[in-house]
Number of protein chains: 2
Amino acid sequence: MRYEVRKTSYILATETAAMSQTQHPLPTDGELEILQILWEKGPVTVRQVNEAMNLLRPVGYTTTLKLLQIMDSKGLVSRDSSQKIHVYAAALPPDQTRKALLDRFLETTFQGAAGEMVLQLLGGHRTTEDELSRIRKMLDHQDNQNA
Amino acid sequence: MRYEVRKTSYILATETAAMSQTQHPLPTDGELEILQILWEKGPVTVRQVNEAMNLLRPVGYTTTLKLLQIMDSKGLVSRDSSQKIHVYAAALPPDQTRKALLDRFLETTFQGAAGEMVLQLLGGHRTTEDELSRIRKMLDHQDNQNA
DNA sequence: CTTAAAATACGAAATCATTCGTAGATGCGT
DNA sequence: ACGCATCTACGAATGATTTCGTATTTTAAG
């Protein structure tokens, strides 16, 4: 008995999620929220992170601190503790982390059918001309690789 | 110091996740795993779901049952309990549920930048010609809408 | 040096999701 | 009707993540 969900879609990953995240676990939702701030602001103090968080929703200072400490222990952020006030920065660039999260999401939600996912996505979003052309270029590039 | 995340991307959703999921909460990971089975197999008994689950990993029968009961209480599945052996089916079609999950993922992980997400996706996946052409058609359709 | 303000460390509560054990109901074969 | 296999119901343990309270440390000002 087989589970058949994919229809016209057939995708091969060139690289596994595990390979792209060597050493680092995937961030949890709360951790990702902090990473987004770190990616945007660069190296910052706990207070700066917490203030950014509080623009979105109320979060206690020690909550933010604790999460950053956990993330440090997981290797998701680096910490400069040479001064009293520690400065945190994301350990990995956004692309790499987002790609790893995307791979997992694609697998769990679309069972690996990348094309299906793109169609769902474009079906519900208005996209700019510039973006469309960048995507076309990427498609052409894929074409060359396949040929 | 700045990590620039969005560059040329600018997206507007035409519909919010909440709008597309009127009435139904988003499934959790475990619930989604069961939904995938229901979508593939159609209306089935708890035992059938559990057997499908056990092809992937060991799960106790009552675990599967409990999850289905929870999903029923959330409205994620429908249940026919007219017979002794209940029969469950997904309450929503896969497209609608996956789209809602995709919207949330896009927001939390890519901060809404759909184009960035597509680029990340295509950057790491080998895609079939058929799939590429379907995506091109969708791009052209978007073009028309934008014009 | 003393104190106050502000930071870090960390245990533990709170929350959410998953897993399972046990109790009780149901139906089937004999 | 009896007993066994199988089902549903459901409380509760487990596990993961998030949140916070409290203790301690550090720095800088007076």
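Just so we're on the same page: letters track the sequence lines, and every chain starts at 1.
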d([atom1], [X]; [atom2], [N]) in whole Å:
X: N50(A); N: dA6(C); atom1: CG; atom2: C1'; value: 13 Å
X: I85(A); N: dT8(C); atom1: CD1; atom2: P; value: 7 Å
X: M71(B); N: dA9(D); atom1: CE; atom2: P; value: 16 Å
X: L26(A); N: dT17(D); atom1: CG; atom2: C1'; value: 15 Å
X: L65(A); N: dA6(C); atom1: CG; atom2: C1'; value: 12 Å

- Query: How does protein contact run along nucleotides 23-30 of chain D, one letter per nucleotide 5' to 3', with B for base contact, S for sugar-phosphate only, - for none, heavy atoms under 4.0 Å?
  - Reply: ---BS---
- Message: Base contacts versus sugar-phosphate-only contacts with protein, heavy atoms under 4.0 Å: please encode nucleotides 13-23 of chain C as B, S and - from 5' to 3'.
- Response: ----SSBBBB-
- Query: Is there a donor-acceptor pair under 3.5 Å between the side chain of R79(A) and the backbone N or O of D72(A)?
  - Reply: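 Checked: no pair found.
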- Query: Should I37(A) and V87(A) be regarded as members of a common hydrophobic cluster, given that ILVMFWY residues are connected when their side-chain heavy atoms come within less than 4.5 Å of each other, either directly or indirectly?
  - Reply: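 No; V87(A) is not reachable from I37(A) via cluster members.
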- Query: OP1, OP2 of dT6(D) versus side-chain N and O of R47(B): anything below 4.0 Å?
  - Reply: no
Let me confirm one number: the [atom1]-[atom2] distance from [X] to [Y], rounded to the nearest 0.5 Å.
X: T108(A); Y: L101(B); atom1: OG1; atom2: CG; result: 8.0 Å
X: L76(A); Y: I34(A); atom1: CG; atom2: CD1; result: 10.5 Å
X: T97(B); Y: L102(B); atom1: OG1; atom2: CG; result: 12.0 Å

- Who passes salt bridge (Lys or Arg N to Asp or Glu O under 4.0 Å) against K84(A), sequence neighbours left out?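 Applying salt bridge (Lys or Arg N to Asp or Glu O under 4.0 Å) to K84(A) gives none.
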- With D95(B), which residues qualify under side-chain contact (heavy atoms from CB on, under 4.5 Å), at least two apart? Q120(A)
- Enumerate the residue pairs fulfilling salt bridge (Lys or Arg N to Asp or Glu O under 4.0 Å) with a member in residues 45-69 of chain A, sequence neighbours excluded, ordered by first and then second residue. E33(A)-R57(A)
- Between L32(A) and P27(A), which heavy-atom pair has the shortest distance, and what is it?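 Between these two residues, the closest heavy atoms are N-CB, 4.0 Å.
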- Residues E116(B) and R98(A) bridged, charged N to O under 4.0 Å: no
- Residues D80(B), H86(B); criterion side chain to side chain contact (heavy atoms under 4.5 Å, CB included); working and verdict: CA-CA 6 Å; D80(B) 176 353; H86(B) 298 179; over 6 Å; no
Between N or O atoms, less than 3.5 Å apart, protein on one side and nucleotides 2-4 of chain C on the other: list the pairs.
none

